[in-house]
Undergrad: 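Just passing along the structure, written as structure tokens.
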Amino acid sequence: MAQSVQAPCRLEAAAGLELARTLWELGELAVLGELPSERDQNFLLAGGSERFVLKIARAQDDALLLDAQNEAMLRVAARTVRFRVPVPLASATGRLIEETTDADGAQRLVRILRYLPGSPLAEADKDGLASEFGAVLGELSRVLAGFHHAGAVRDLYWDVRRSLDVVGEHAHEIADPERRAFVVRLAAQLEPAFATIPQLRLGVVHNDANDYNVLVEDGRVTGLLDFGDLLETVTVAEPAVGMAYAMLQAREPLAVARRFAAAFHERFALEPQEAAALLPLALARLCASVTLAAHQRSLAPDNEYLSISERDAWSLLEHVDGLELSGAQERVAAACAPPRPGRRSSQELLEARGRLIGPSLSLSYLRPLHIVRGAGAYLYDADGRAYLDCVNNVCHVGHAHPRVVDAAAAQMAALNTNTRYLHEHLLAYAERLVATLPEPLAVCYFVCSGSEANELALRLARAHTQRHDVVVLDEAYHGNTSTLVELSPYKFDGPGGAGRQPYVHVAPLPDPFRGPYRGDDAGRRYADAAGAALAEAPAAALFAESLPGCGGQIVPPPGFLHGAFELARAAGAVVVADEVQVGLGRVGSRFWGFELDGAVPDVVTLGKPLGNGHPLGAVVTTRAIADSFANGMEYFNTFGGNPVSSAVGLAVLDVIQDERLQQQAAGVGAHLLAGLRTLADRHELIGDVRGAGLYIGVELVASRDTLEPATAETARIVERAREDGVLLSTDGPFRNVIKIKPPLVFSRADADLLVATLDAAF
Ligand code: PMP
């Protein structure tokens, strides 16, 4: 047989290190150990905070094949952000493949790949990750479509098309006679499905998405290793191989197969014949795998890596043996429904929207997006294109965070009621939330939106003070109810607004860039101006966003919040800090925005990020104010604080803590601000770059002297970024501020992509 297993290179670690140092000049490096491989000798190297894999190929691996692997990895890395693959690094001479001679005088080909973090799918919950895994391989097929390379055209035992031949040739090497007979029988059952193979599409496939090559981090499939089996074969080999390993160790292998197939098909539509061949090919792959394990054991009895999945493969095959095969095959094929049945085009959706949805809400972007999925900091449109989401501060811990999704689903399946019953989640959540807030903020009310929170805050303040008037900051937005529109200059002074009501008093927006006060004492002067508004009439409350959002991503000058809060209290008003936009760790150095100025409000209102997209809001206040409100009239909120919402809120707090997202906001935010400031050095249009953590504004001006707003340019830059796959939006009274407030899982690499995209747009 041609493809016997040749022993991999055996190089001492010191020699491997020397190769990496001399050929790649990567600076200080250390060998952390060897990584198992069937084919190559692999060293794990550490250099600074980075890790690399030094791969030394067997002598018989020709450079053409390695080149094909490199090309494929680079193509995948460039075309998707859904998951990562190890990319090859260029050596000091600019080559991706270097040569060396080993101790035996044999020629070896050497590469260095970037190391991917994560743990193998084999150790994760297969049942829970079936869709994820299918989606990742679907994305892989999508990006490899159209890729050709002479190095991938080869004769390989691991070609699924040859699975049954492999069984025929080597089944006799299976030691156990019962198992031997069983594999031969199963292979015969699979044979009819192989008849369609000549009609199936061909393409280059990774061909080895086994569960040790697929990496999982934080409950998500994030990486795919080892392009060593890269091959041009039937395209459906990719999902067939993946499905084989998705089913291994799963509690319900066929349910896993269906979910895997559906998710794959959504990313990369299979033709009906391919869908029909999927399960038989997956099972044939497993038959070939157990047969080759027996064969290879006879050749290399000590190489444990070769039979790594063998035991699980046997138990899966024996499980499948009890099933009616053609029925199972049909059910898997049925999971691959025709591509997007009944899905409407963007144009059709636009028309339906015009007909069915109230016209008071505009769509983002000149070319509206049809987003169907989100993961982490990315959104995906109906064609599978990824967009970096730089504006969604609602999906605070990342779109579709699995822990939040699981918490919601589990509680939804157990119970959802109102809060007139005792429930652990409600109180656990209230305890956790209060623990993040300064004293004396200690009594909670749970609601379903930021508007509901501010409405309730207003009622609390009025009940406590027995006054009616309210002081707000200019350009503020506090919510969508009739009363809150009256408290929002952004609305009542904006298009369609009815102007200021007599009971509302407006203090200047504390904008240190464009506002009247800009120097060192700006904070105190804006606070005094708020004091003047408070003096217009006895007010029930001062409402202030800790960092005004609609006002243009403003970071108030030091001393403002603290000073204004003190003046409000001195005037007998209740201080309401609206943290709907900025709370929950976004500002990085602190958990709450008002803490940046050492200020403490009497009421804090919360919304957007609390539920990561689930409608959850809260009001937290002092015991004294809560007691004033308890005047006999009940406050009942049908949905607020229900067990599902509370479970979601708890999961969000857990994720922020466990993933250190507040710290990430601080670190990535500082990195991003620095990057944006380098843009300001190059692009005259940028008047100001400001922010705290991952709450950032870039204000564009036609002239840095007059500060004339560059409104049209701001809109064009946001549109251009959208075309380049980066989602931003505008804010501020003149709509000349680029608003940046991404999910906190936003990484340094995401920040770099944003800066590079903006650079190009400028
Ligand atoms: N306050 C602020 C500062 C907001 O930005 C918003 C929403 N943009 C709200 C309140 C109202 O929240 P919701 O839309 O959840 O009612």
Side-chain angles (χ1 to χ4, degrees), residues 358 360-362 364 389 391-396 445-461 470-494 497 504 506-507 509-511 541-556 561 575-584 586-587 592-594 596 601 603-620 637-641 645 648-649 652 691-692 694-697 729-733 735 737 739-743:
S360 312
L361 183 65
S362 60
S364 297
D389 183 353
V391 280
N392 195 322
N393 59 342
V394 175
C395 289
H396 193 65
Y445 301 82
F446 290 107
V447 297
C448 309
S449 68
S451 298
E452 280 196 351
N454 282 327
E455 272 287 340
L456 177 57
L458 179 62
R459 289 182 60 191
L460 293 175
V470 181
V471 176
V472 297
L473 302 182
D474 208 358
E475 302 300 338
Y477 177 66
H478 293 296
N480 58 30
T481 65
S482 309
T483 309
L484 292 175
V485 167
E486 291 176 359
L487 296 190
S488 301
Y490 172 79
K491 289 285 176 196
F492 69 67
D493 275 345
V504 177
V506 180
L509 176 68
D511 176 353
L542 165 69
F543 270 70
E545 293 168 71
S546 301
L547 289 85
C550 292
Q553 306 284 108
I554 304 290
V555 184
L561 277 189
V575 174
V576 179
D578 181 336
E579 289 266 340
V580 170
Q581 289 254 7
V582 297
L584 231 61
R586 173 165 298 279
V587 297
W592 302 107
F594 53 76
L596 292 177
V603 180
V604 57
T605 59
L606 311 173
K608 295 182 192 288
L610 290 195
N612 212 50
H614 178 90
L616 175 59
V619 177
V620 189
N637 190 311
T638 303
F639 299 118
S645 298
V648 165
V652 170
L694 282 171
Y695 192 73
I696 292 175
S729 106
T730 60
D731 233 332
R735 290 262 176 263
V737 180
K739 162 161 80 176
I740 302 172
K741 45 180 186 128

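Each ligand, and each atom within it, is numbered from 1 in the order the structure gives.
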Undergrad: Which residue in the set Leu547, Val604, Asn454 passes side chain to side chain contact (heavy atoms under 4.5 Å, CB included) when paired with Asp578?
TA: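 Result for side chain to side chain contact (heavy atoms under 4.5 Å, CB included) with Asp578: Asn454.
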Undergrad: Under the side chain to side chain contact (heavy atoms under 4.5 Å, CB included) rule, collect the residues that match up with Glu452, sequence neighbours excluded.
TA: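 Scan of Glu452 (side chain to side chain contact (heavy atoms under 4.5 Å, CB included), adjacent residues dropped) gives Val447, Cys448, Ser449, Asn637.
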Undergrad: Please list, chain by chain and in numerical order, all residues satisfying side chain to side chain contact (heavy atoms under 4.5 Å, CB included) with Arg459, sequence neighbours excluded.
TA: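 Listed in chain order: Phe629, Met633, Tyr635.
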Undergrad: So if I only count non-hydrogen atoms and take anything under 4.0 Å from ligand 1, which residues does that give, chain by chain?
TA: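 Lining ligand 1 at under 4.0 Å, by heavy atoms, one finds Ser449, Gly450, Ser451, Asn454, Tyr477, His478, Gly479, Glu545, Asp578, Val580, Gln581, Lys608.
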Undergrad: Would Ser546 and Leu596 count as a side-chain contact (heavy atoms from CB on, under 4.5 Å) here? Give the steps.
TA: CA-CA 9 Å; Ser546 301; Leu596 292 177; over 6 Å; no
Undergrad: Just to verify, which of Val470, Leu473, Leu484 counts as forming a side chain to side chain contact (heavy atoms under 4.5 Å, CB included) with His478?
TA: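 Between His478 and the candidates, side chain to side chain contact (heavy atoms under 4.5 Å, CB included) is satisfied uniquely by Leu484.
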Undergrad: Name all residues meeting the ring-ring contact (aromatic ring centres under 6.0 Å, His included) criterion together with Phe446; count only those two or more places apart in sequence or in a different chain, and write none if there are none.
TA: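 Partners of Phe446 by the ring-ring contact (aromatic ring centres under 6.0 Å, His included) criterion, ordered by chain and then number, come out as Tyr429.
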